[in-house]
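Remember, it's 1-based here, ligands and their atoms both numbered in the order they're listed. Everything numeric here is computed off the predicted structure, so don't read it as measured data.
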Amino acid sequence: MSSEDLAHIELLAEIDALASRLHDWSHSAPPWRPAETCRAIMDRLAGRLSALRIRLESPLVVATLGGTGTGKSSLINALAGAELARSGRSRPTTTRPAVICRPGLTAELLGMESREIDWFQQDLSALANLVLVDCPDPDTTDADGSPSADTTLARLRRILPLCDVLIITTTQQKYRSARVAEELAAAAPGARLVFVQTHADQDADVRDDWRHTLEPRYQPGHIFFVDSLAALVATQQGQSPQGEFAALVDLLTRQFAGAAAARIRRANFLDLAAQALESCRRRLDEALPAIESLRATIQQQRGELSSALAGQIRSELLSARQPWENRLLGQVALRWGFSPFSLVLRLYQGIGGLASAALLYRARTPVQLALWGAVEGARSWQKIRRDRQLQQRPAQTAVNGFDATQLRRAGVVLEGYAAEAGLPKASASTATLEADADTAALSFATRLSQDLDALIARQAQRHTGWFTRWCYEILLLAMLGFLLFRLGKNFFYDSWWLQQALPMWGVQSYIASAFWLLLWCFLLLWLFTRRLRGGLKQAIDRLVESWTGAAAAAGVFAELEDDCRRAVEFRRDLELLHGDVERLRGKV
Ligand SMILES: Nc1nc2c(ncn2[C@@H]2O[C@H](COP(=O)(O)OP(=O)(O)OP(=O)(O)O)[C@@H](O)[C@H]2O)c(=O)[nH]1
Ligand SMILES: [Mg+2]
């Protein structure tokens, strides 16, 4: 396999890969108006690409384009080296595109409709690597005069994109003609343009002026100045081309044709792709600010919904803190196992039960005992239920969801923004928003329960450090020890051991000791629970703060946000694609 063949295969692979990426990109378009337009643009480009793909095997296709009488047909004849295309003084001479090529090629291979063209085949050396297309003037009407200029124009529009090189001819008189330039603008994407002033033997050189008129829109490069009639005669007499005409032939046959033809076609395709992508980029960029403001509004509305819900949950948590404190105390006691102070905590927790336990002592008969059991059972059950209800209330509030009026108002605002951004109405419809809000509320309720469980666990851990624990244990044990020491000293030492025994303290002292112990326990409990309570409040505040941003309403307007995200991603993918096309263009 020659290196040229390999290069050809590589070229085909590159074009195929790029085409499929362009296709994938355009078909990943989200339901966004500008993105849908981009898909349509890219679909049209794909059509052109398949035509280009067919022509990759064919010689370079060169067409002449210009006003009537500017010498298009004469130049084609000069390039072919034979009088094949009709040229003459009657205007217009050419009314249908004439294709001149070597034998063996077909109109289909070139991607052309054979019934729309005049087809000439001749075995000429000049046609080895060139297909010449003699075009009528865009303003020309058909010979029968009936169909309007549109027919010629329509044919030209179909044929020009199939050409690799467009030779734009003009004369001293016609170079300002805007009609051709307009047609050019439509046909130019992807084709190489070569500018030629004809009638060099009789007209003044107006190339500088012409360049001036061309320059705002095209980069004309070198403009050729040729005498087509003389060039044809010279070729027919077996002379080699001279001067400007020779330079033009060299450009077409050496620089553009042969192996370079493939490169030019690839460049043509890349130009087309770049231009299509550029047009898509312009559209998307125009529409992107509206998407950004929709995104910002979603965040803002979410923030408002979040703050309202978080505020409501905060006040519920703070107004019914008792069950949470109980739960926290229970956890603390559980972590500390069976130590004196944790025993005090457990007793404090079950203090209501103690009061009723007093009744137990007064029960004299099994019936009374059974009655006490039932009453106590019902009381505990009620307390547990009440505590559980209170603890579940914030999650219930979350499940009940966001304030309906606020949600509806947000919906109306977002609907307006979505319409402005070109997103489908369905994503911002009330039904979608409500469904999103319900899902969001449920997931927030789950998160809320987990957050609260974690908060209690964290607080329990924070307040059960060894230092805190030993402080309270030592303080309790110190008081207990002191009282026991005093009572023990009086009982064993003072009243027994001493020779002059002191009187033994009466029940009063024991009651007083128990009283002080109780008081001490309450003091320690008060200190401990006060710290616990303060910590809990702070932790609740911090937790609520973490929801207020937009966390509580994270899933609300999810569908709308997803549309925005896809729109932004679509634009980002375009940038990557554009970068690749530019990189390939740089390689050509
Ligand atoms: N002297 C001279 N005459 C030329 C030259 N090129 C074209 N002509 C003459 O100009 C007239 C018009 O040339 P055509 O080639 O038919 O022009 P065209 O652009 O094909 O015109 P339409 O087919 O009507 O669009 C003919 O009589 C040609 O002989 C040139 O370079 N020098
Ligand atoms: Mg002609």
Side-chain angles (χ1 to χ4, degrees), residues 61-101 116-120 122 126 131-145 147-157 159-160 163 165-184 187 193-207 210 223-237 239 241-249 252:
V61 182
V62 179
T64 49
L65 191 68
T68 179
T70 54
K72 299 183 293 295
S73 305
S74 305
L75 184 59
I76 289 285
N77 287 337
L79 287 170
E83 207 156 336
L84 295 169
R86 222 154 55 84
S87 71
R89 289 185 186 283
S90 62
R91 296 274 68 82
T93 307
T94 314
T95 52
R96 276 157 64 85
V99 179
I100 299 167
C101 63
E116 291 199 333
I117 53 175
D118 290 333
W119 185 254
F120 299 94
Q122 193 116 358
V131 171
L132 300 170
V133 183
D134 182 20
C135 292
D137 172 19
D139 282 337
T140 298
T141 49
D142 269 5
D144 59 10
S148 68
D150 268 357
T151 315
T152 310
L153 207 55
R155 272 190 214 131
L156 273 180
R157 282 201 174 119
I159 214 165
L160 288 180
C163 302
V165 180
L166 298 184
I167 299 182
I168 319 302
T169 57
T170 200
T171 58
Q172 184 187 355
Q173 292 79 30
K174 297 205 169 180
Y175 72 98
R176 288 183 194 278
S177 161
R179 190 72 190 85
V180 176
E182 267 172 40
E183 186 54 43
L184 256 183
L193 302 182
V194 177
F195 295 87
V196 176
Q197 183 191 343
T198 58
H199 296 73
D201 52 322
Q202 56 186 41
D203 285 359
D205 186 347
V206 293
R207 286 181 290 172
W210 192 22
I223 299 180
F224 297 87
F225 189 33
V226 300
D227 174 3
S228 307
L229 300 187
L232 176 63
V233 171
T235 314
Q236 282 172 332
Q237 289 174 356
Q239 295 164 9
Q242 297 294 317
E244 285 280 303
F245 184 75
L248 176 64
V249 171
L252 297 177

Which bit of Thr68 gets closer than 4.0 Å to ligand 1, counting heavy atoms only: side chain, backbone, both or neither?
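Both backbone and side chain.
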
Does only the side chain of Val226 get under 4.0 Å from ligand 1, or the backbone, or both, or neither? Count heavy atoms.
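The part of Val226 near ligand 1 is the backbone, not the side chain.
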
Test salt bridge (Lys or Arg N to Asp or Glu O under 4.0 Å) applied to Glu116 - qualifying residues, sequence neighbours left out
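Here the qualifying residues are Arg158.
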
I need the minimum non-hydrogen distance between Tyr175 and Val206, along with the two atoms involved.
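So the two residues come closest at CD2-CG2, 3.8 Å.
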
Should Gly69 be listed as contacting ligand 1, given a heavy-atom distance under 4.0 Å as the test?
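Within the 4.0 Å threshold, so yes.
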
Tell me whether ligand 1 is touched by Asp134 - counting only heavy atoms on the residue side and a distance under 4.0 Å.
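So Asp134 does not count as touching ligand 1.
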
Atoms of ligand 1, numbered as shown, that sit under 4.0 Å from any heavy atom of [X]:
| X | result |
| --- | --- |
| Asp201 | 1 (N), 2 (C), 32 (N) |
| Ser228 | 30 (C), 31 (O) |
| Ser87 | 14 (P), 15 (O), 16 (O) |
| Asp227 | 30 (C), 31 (O), 32 (N) |
| Gln202 | 1 (N) |
| Gly67 | 19 (O) |

Just to verify, which of Phe225, Trp210, Phe224 counts as forming a ring pair (Phe, Tyr, Trp, His ring centres under 6.0 Å) with Phe195?
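So, applying the ring pair (Phe, Tyr, Trp, His ring centres under 6.0 Å) to Phe195 and each of Phe225, Trp210, Phe224, only Trp210 qualifies.
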
So, Thr70 versus Thr169: side-chain donor-acceptor pair below 3.5 Å or not?
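Side chains of Thr70 and Thr169: pair found under 3.5 Å.
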
My understanding is that only one of Val133, Val131, Leu132 makes a side-chain contact (heavy atoms from CB on, under 4.5 Å) with Ile100; could you say which?
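So the option named by the test is Leu132.
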
Given Arg96 and Arg155, is the side chain to side chain contact (heavy atoms under 4.5 Å, CB included) satisfied, shown in steps?
CA-CA 8 Å; Arg96 276 157 64 85; Arg155 272 190 214 131; 3.5 Å; yes

I'd like to check whether Ala200 has a polar contact with ligand 1, where a contact means an N/O of the residue lying under 3.5 Å from an N/O of the ligand.
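It does not: no N or O of Ala200 is found under 3.5 Å from an N or O of ligand 1.
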
Determine whether a donor-acceptor pair (N or O, by modelled atom type, separation under 3.5 Å) exists between the side chain of Ser74 and the backbone of Leu229.
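Here the side-chain-to-backbone pair does not exist.
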
Donor-acceptor pair, side chain of Asn77 and main chain of Ala85, under 3.5 angstrom:
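At least one qualifying donor-acceptor pair exists.
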
Atom 13 (O) of ligand 1: which of Pro136, Cys135, Ser74, Ala231 has the nearest heavy atom?
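That would be Ser74.
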
More than 12 heavy atoms from other groups under 6.0 Å of CD on Gln242:
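Count not over threshold, so no.
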
Would Ser87 count as a contact for the Mg ion (ligand 2), in the sense that one of its N, O or S atoms lies under 2.8 Å from it?
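Checking Ser87: none of its N, O or S atoms is under 2.8 Å.
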
